[in-house]
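First the structure, in the form of structure tokens, and then the observations on it.
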Amino acid sequence: MPLVTYTVLRLLLFAAALGGLYLAGVRDWLLVLLAAVVALLLSYLLLAKPRDAAATYLATRGERRRELKADGKGSRFQRGLADDDAAEDAADDAQRSAG
């Protein structure tokens, strides 16, 4: 959830910067460009805690995935592929031994 929170806060900062710059009279493509820069700077200054929480969440999730992969308990997709490979190998072996 920290990743969603951080993303929503960054989008809100962008919307606030966009609105503020629009009210200040900035128009055209410069409005979006300046709003992105302002939102980037504000998010760097104001969102340190949510950013750290999101980074910790992603690091923990990545570590858990690496552990599962090392234990042979990868994703359902990977397990399904392994099962399909084993079934194909068994069918191929049976066909070769039969004739």
Side-chain angles (χ1 to χ4, degrees):
M1 227 34 193
L3 190 60
V4 173
T5 303
Y6 179 62
T7 302
V8 168
L9 289 173
R10 288 204 56 193
L11 287 171
L12 288 173
L13 278 176
F14 178 72
L18 196 68
L21 289 170
Y22 183 82
L23 292 175
V26 180
R27 300 289 189 266
D28 294 329
W29 60 271
L30 191 59
L31 172 66
V32 176
L33 181 67
L34 284 177
V37 170
V38 168
L40 174 87
L41 294 174
L42 286 175
S43 70
Y44 183 75
L45 294 172
L46 301 175
L47 301 179
K49 286 183 183 179
R51 182 177 55 247
D52 290 342
T56 302
Y57 170 76
L58 288 173
T60 303
R61 190 171 144 195
E63 184 62 33
R64 190 169 11 127
R65 279 188 176 176
R66 280 188 291 279
E67 288 172 2
L68 287 174
K69 198 174 202 180
D71 292 342
K73 299 177 184 175
S75 70
R76 288 184 297 162
F77 180 72
Q78 291 170 336
R79 287 191 307 263
L81 286 177
D83 292 344
D84 286 348
D85 288 345
E88 286 178 10
D89 290 346
D92 189 48
D93 291 343
Q95 186 179 18
R96 287 178 191 226
S97 66

My understanding is that only one of V32, L34, D28 makes a side-chain contact (heavy atoms from CB on, under 4.5 Å) with L30; could you say which? L34
Y44-L40 co-clustered via ILVMFWY side chain contacts under 4.5 Å: no
Tell me who clusters with L58, hydrophobic residues only, linked when side chains sit under 4.5 Å apart either directly or through other members. L3, Y57
In terms of side-chain geometry, is the basic nitrogen of R66 or E63 positioned less than 4.0 Å from the acidic oxygen of its partner? yes
Do L12 and L45 share a hydrophobic cluster (ILVMFWY, side-chain heavy atoms under 4.5 Å, transitive)? no
At their closest point, which heavy atom of S43 faces which heavy atom of R10, and how far apart are they? OG-NE, 3.6 Å
Within a strict 4.5 Å, meaning less than it, do heavy atoms of the L11 and T7 side chains meet? yes
Linking I/L/V/M/F/W/Y whenever their side-chain heavy atoms sit closer than 4.5 Å, directly or via other members, would Y6 and V8 fall into one cluster? no
Are V26 and L33 connected, step by step, through hydrophobic side chains (Ile, Leu, Val, Met, Phe, Trp, Tyr) whose heavy atoms are closer than 4.5 Å? yes
Rounded to the nearest 0.5 Å, the CZ atom of R27 sits from the CG atom of L21 at a distance of 10.0 Å
Same apolar cluster: L42 and L23, side chain cutoff 4.5 Å: no
Distance (rounded to the nearest 0.5 Å) between L13 CG and L18 CG: 12.0 Å
What closest approach, in Å, do A35 and A17 show between heavy atoms, and which atom pair accounts for it? O-CB, 3.8 Å
